[in-house]
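One structure is given below, encoded as structure tokens.
None of the values given here were measured: they were computed from a predicted structure.
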Number of protein chains: 2
Amino acid sequence: MPTVSRVLKGSPPVSQRKRDRVLAAVQELGYRPNGAARMLVTGRRTIVSVITSNTTRFGYATSIQGIEEAARTAGLLVAITVIDPGGEDEVAAAVDLVLGQPVAGVIVLDFDPQGTRAIEALPEGLPVAAVGSSDVGREIPRALFDDRLGGRQATQYLLGLGHATVHHVSVPGSGRPSGRTLGWRSALESAGAVVPETLEADWTSQSGYEAGLVLARTPGVTAVLCGNDEIAFGVIKALQVSGLRIPQDVSVVGFDDHPLAALWTPPLTTMGQDFVELGRTALAFLVEQLDEGPGPQTSPSTIHLIERESSGPPPARSVTGPARGARVGRRARPRPR
Amino acid sequence: MPTVSRVLKGSPPVSQRKRDRVLAAVQELGYRPNGAARMLVTGRRTIVSVITSNTTRFGYATSIQGIEEAARTAGLLVAITVIDPGGEDEVAAAVDLVLGQPVAGVIVLDFDPQGTRAIEALPEGLPVAAVGSSDVGREIPRALFDDRLGGRQATQYLLGLGHATVHHVSVPGSGRPSGRTLGWRSALESAGAVVPETLEADWTSQSGYEAGLVLARTPGVTAVLCGNDEIAFGVIKALQVSGLRIPQDVSVVGFDDHPLAALWTPPLTTMGQDFVELGRTALAFLVEQLDEGPGPQTSPSTIHLIERESSGPPPARSVTGPARGARVGRRARPRPR
DNA sequence: CTGAAAGCGCTTACAG
DNA sequence: CTGAAAGCGCTTACAG
């Protein structure tokens, strides 16, 4: 009965009497239109699928939150598909699962190689947007941070504090070095500082802890830029456990402004980024594409230094002018070069 | 052409020649069966919707991870629907969004009042399972922790350490006090200890910090059980900022075993729970229901004490036997009673 | 083994 | 304003 459809959709030409009867029946029977049938006939898909390798890490989870918020506003449902670490198989399986559903489009969290591969495995024709950047892959709209600029700024900040150089513990990056790592390197080079070897971590604080243990026994480390805050947490802990004081002996700076950064001991200096905004932007890109067809675009979101207490001047060798009234010289180490 | 369908589904009776031709065509055209049409005719729905008030908090995000893992294994797609804080409207809107899609069933994260209301708003007939517990609502299968037992055990542990009583900063609980709070209270009563007034926090470390500030100026506080680890992080920080030492002056115990608990300063003693397992169980309950119709059941998962360094004996008044070689007596306060 | 036929539950023109 | 008719893209029996 088309009338029912008209009533439910709110199309004008229905008599009051009919409308009431229909509504009553709907109410009584608990009738719900079949979503699959509706999609089939209208062709309007309302599911947006997010493909990601992880759902719980800070940056990932917060981006998803932003996507979901914006999707809800737009009347879209968000589906999550996780690509477990593993071979190409996993990527193909995830893509199949997604395409088996009536999805309107896909947003890929391109923070790591898994994401990059997923983008490449997605068929042309399907609307796609990405959060995060990789160099590889086809041209699609991307919501991203200017990681490179962030890496530069953080490094310059540390250099400006008087550190001779800055060590770096990096996040994986998707394919090649992450933008943060690139920015760090270029800042060092511009300043004519030595570029120490990068320590590779994954996104976890555990991996940061391990890197911290290495740094603790590396001579000349007075400042460390970490690829994210979780890594920084681990680095700080490892350094402390090794008898070093933060920031008197070593300054540590993170990335992301994790919710616990301000509560850390010491409170963590970090590069703040708005992941929720990032997710919202990606969804907006996807919706635009749904409406008007493809249109590759890119939006670097802002990033800013949040100075807290994990960073300061390098340890002095004389008693002159140590930062923050710190005791000086305990375990002081020579500056590099 | 039914043959195409047969080939794609792998039904046996198809000649090799036909099969090859079909596969070639599919390959060339990039053909993908329309999910909506398939759902319509088969009636097999493959979307499981998760309704939750939050996607990023540790317990929530980790439960969702478990649900997603199990769903993927079962060939189901997970959709996320968030109920923003707000009136009943939000709950109704979320339910409408979910029911507008061809969903097989729903899993509600019933950690808070929003979840509880969502369960009540869901129509009968739709398969539903929950993660977490509330007293209210209809009988549905639930995957949950024995929070009450956990609260008891944690409290008894602290009492066993010699504390005269245990203060408590609680998570919201859905409707009435959380099981953790109930367990804490009962342990105190069984032991004949005074039951201090509960401090209410939300799930954030910020709210824990504020509670910690209150506790710092409350006389007689030597042990604090927190509703979750994030709260414990905030409490510890506030206590430390107020000049108290953990655990020498005050012991703090959390709940959940957050990934950063072991890295905290001091490393946090907590009640460990497996949220991933919880999510998996909920999905299994839902699948059972899909297959065999309704069958209310409940599974309390295990919970165990993870003793780290944020807890110890109460501050001694004499120099006899302080724990962990701690300096004693700085800011010692009288025991309650 | 392989097509023609019917039908899943809706919505969209189309006649009344 | 309101029904009968057609069709969305598949799959499932059903005849060849």
| said: Going by ring-ring contact (aromatic ring centres under 6.0 Å, His included), name the residues that satisfy it together with B:Phe145, two or more places apart in sequence or in a different chain. | reply: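 Once residues adjacent in sequence are excluded, the partners of B:Phe145 under the ring-ring contact (aromatic ring centres under 6.0 Å, His included) criterion are B:Phe275.
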| query | In chain order, what residues pass the ring-ring contact (aromatic ring centres under 6.0 Å, His included) check against B:Tyr60, with sequence neighbours excluded? | reply |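 Checked B:Tyr60 against ring-ring contact (aromatic ring centres under 6.0 Å, His included); matches are B:Phe111, B:Trp203.
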Distance check needed: [N] [atom2] versus [X] [atom1], whole Å only.
X: B:Arg38; N: C:dC10; atom1: CZ; atom2: P; result: 20 Å
X: A:Gln101; N: D:dG9; atom1: CD; atom2: P; result: 18 Å
X: B:Arg45; N: C:dG9; atom1: CZ; atom2: C1'; result: 10 Å
X: A:Leu40; N: C:dT12; atom1: CG; atom2: C1'; result: 13 Å

Who passes side-chain hydrogen bond (donor to acceptor under 3.5 Å, both in side chains) against [X], sequence neighbours left out?
X: B:Asp257; answer: B:Arg308
X: A:Ser49; answer: A:Thr81
X: B:Ser53; answer: B:Asp112

| request: List for me each residue that meets side-chain contact (heavy atoms from CB on, under 4.5 Å) alongside B:Ala71, sequence neighbours excluded, and say none if there are none. | output: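 Residues passing side-chain contact (heavy atoms from CB on, under 4.5 Å) with B:Ala71: B:Leu76, B:Val78, B:Leu283.
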| Got a sec, which residues hit salt bridge (charged side-chain N to carboxylate O under 4.0 Å, His left out) with A:Arg45, two or more places apart in sequence or on another chain? |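 Here no residue qualifies.
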| task | Return the nearest nucleotide to the side chain of A:Thr42; candidates are C:dC10, D:dC8, C:dT11. | result |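 Among C:dC10, D:dC8, C:dT11, the one nearest the side chain of A:Thr42 is C:dT11.
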| task | Test the B:Arg180-B:Phe255 pair against the cation-pi criterion, namely NZ or CZ under 6.0 angstrom from the six-membered ring centroid and within 45° of the ring axis. | result |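 Yes, B:Arg180 sits over the ring of B:Phe255.
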Between N or O atoms, less than 3.5 Å apart, protein on one side and nucleotides 4-6 of chain D on the other: list the pairs.
none

| query | For DNA chain C, what are the stems built from at least three Watson-Crick or G-U pairs in a row, each pair having both distances below 3.5 Å? | reply |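 Consecutive-pair runs (3 or more) involving DNA chain C: C:1-3 with D:14-16, C:5-12 with D:5-12, C:14-16 with D:1-3.
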